[in-house]
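Below is one structure, written out as structure tokens; the observations come after it.
Lettering of chains follows the sequences in order, A, B, ..., and the numbering in each one begins at 1. Predicted model only: the values in this text are computed from it and were never measured. Below, each value reflects all heavy atoms present in this structure, side chains not excepted, and no hydrogens, waters or symmetry copies.
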Protein chains: 2
Amino acid sequence: MTIASATPYCSHGAHCQTCSLSSLCLPVSLKTGELDHFDAIIKRRPPLATGDCLFRQGDHFSNVYAIRSGSLKQVNFDHAGNEQITHFFLPGELVGFDGIDDGYHTGYAHAMETTCICEIPFSHLETLAERIPQLRSQLFRSMSREMKEDHRLIRLLSCKTADERIAGFLINLAVRFQRCGHSSKTYRLPMTRTDISNHLGLALETVSRVLKRFRDNHLVAIRGRDVQILQPQLLYKLAENGSP
Amino acid sequence: MTIASATPYCSHGAHCQTCSLSSLCLPVSLKTGELDHFDAIIKRRPPLATGDCLFRQGDHFSNVYAIRSGSLKQVNFDHAGNEQITHFFLPGELVGFDGIDDGYHTGYAHAMETTCICEIPFSHLETLAERIPQLRSQLFRSMSREMKEDHRLIRLLSCKTADERIAGFLINLAVRFQRCGHSSKTYRLPMTRTDISNHLGLALETVSRVLKRFRDNHLVAIRGRDVQILQPQLLYKLAENGSP
DNA sequence: CGGTTTTTTGAGTACAATCAAGTAGGGTGG
DNA sequence: CCACCCTACTTGATTGTACTCAAAAAACCG
């Protein structure tokens, strides 16, 4: 059986008990009986098509979502209408925690490709977490992990050079793709160059040029959206440091 | 009685029941009896002096902390040793959630001035949260709020111009100072220009120059660390948009 | 295949970094 | 209390990176 993320279309009737991503997801430390309870509160939605919205800015917060396959981008608007892509979400990742605070979602979540989602009603999740300490801990851990991920991005964005930002971005995607069952070296970008440039605070043309430079220096092989990391350790060094 | 944040030195024997910041903090929605239980698990530590460490990178995570007065900066190091200030924390804010995930702190927290802290043992907090639904909800909300705050910073850092970043930074501080009982227009920066430049991914000199430009344009009055926002709506527009 | 979107590449420019002094402010000790 | 030091901050001149404008090439889609 192939991993879920390799098959963009996945069964509507999937269950946590058989999901290959459960080790990344909330049920990670649940015992069989508990897992059945958890699985029972999940709603599997029909797959989202490219461009579809999972939730919109201002929508009432009532669920968090786990990605079973595909990918999402989360877009926030400021009052002047400028949009900013704050997150890309990959299979096994959880979406929507930032809505808990005041009860509505602060941005849009768009599917970047055909994407299958597990919908987890937050009120049920909270009730279940009250009874199952492992689930509660995992919930805190998941939120904490998203915070740490955000801090990583904050560090990345305060890097001065475009090269550092893009190297960091490519490395980070590699790590996350590997975590959900891909090769650590080869993946396909789900987002456009425009999305990348917006996310990293760079001009579209700069992204294109930096990628070309990386290609010319044989750090990565990039054709369109297909990425192959040729020299991970050099790319990593570049992301952290600055020197080639 | 003056607000806690206006008196840098505060009593060691403070209690949630009388704390002026409790409306910002975890006990916000607790009833009297519950508040007593909550107050009982808090440890009040002797004040930190300027430069003191609340926790260090790699320290075992066992507490979250609430700031009663003063301020902290959180500094993260990458593997190359570059440091990055990911957060400044003000009175009424909670510190340390990012340590939950894998059980240790990912950065240093330094006091930027004399700072009083409430130490909240996380295991006790979790146990208490199991019994008190309001506390549990508030805990989730607090974490969610920190996420949202991080997303705001991410948006700020992906702004292209130095003016936008610094305008956004000044506005954000004004909002947070106001929340903890200060004027919305006037405050004193607890951090150095170097700290600001590091946090915003700019050069120290750029921070100085932009502040001078804001002063020349009568957007703000700045003398040393004392800030007075003269034209909040213009500054806000600048932060969101770009135009003067 | 034509039309649209996405990506690449080029030329010129602007903004912020760097290098380099110089000034103010805060603390210590004589 | 003043001289001193050290750090924090300001200001100036120059350089370089990344942005903008512009247009061509490639990929995508019906």
Atom pair distance, as rounded to whole Å: [atom1] in [X] and [atom2] in [N]:
X        : N      : atom1 : atom2 : result
A/Asp195 : C/dT5  : CG    : C1'   : 13 Å
A/Asp226 : D/dA27 : CG    : C1'   : 12 Å
A/Met191 : C/dT6  : CE    : P     : 14 Å
A/Glu205 : D/dT17 : CD    : P     : 18 Å
B/Asp163 : D/dC19 : CG    : P     : 16 Å
B/Arg188 : C/dG25 : CZ    : P     : 11 Å
B/Leu204 : C/dC19 : CG    : P     : 13 Å
B/Leu189 : D/dA8  : CG    : P     : 15 Å

Given side chains that start at C-beta, do those of [X] and [Y] come closer than 4.5 Å, heavy atoms only?
X        : Y        : answer
A/Lys73  : A/Met191 : no
A/Tyr108 : A/Glu83  : no
A/Thr86  : A/Gln84  : yes
B/His87  : B/Val95  : no

If you only use heavy atoms from C-beta on, which nucleotide in [options] is closest to the side chain of [X]?
X        : options                : value
B/Thr206 : C/dA16, D/dT11, D/dA18 : C/dA16
A/Ser208 : C/dT6, C/dT9, C/dG25   : C/dT9
B/Arg223 : C/dG25, D/dT20, D/dA8  : C/dG25
A/Arg209 : C/dA17, C/dG10, D/dC28 : C/dG10
A/Lys212 : D/dC9, C/dT18, C/dT9   : C/dT9

So does [X] get a side-chain nitrogen or oxygen closer than 4.0 Å to the phosphate oxygens (OP1/OP2) of [N]?
X        : N      : result
A/Arg193 : C/dT8  : yes
A/Arg225 : C/dT7  : yes
B/Arg215 : D/dT10 : yes

**OP:** Please determine if B/Glu240 and B/Arg155 form a salt bridge, counting it only when a charged side-chain N lies under 4.0 Å from a carboxylate O.
**Re:** yes
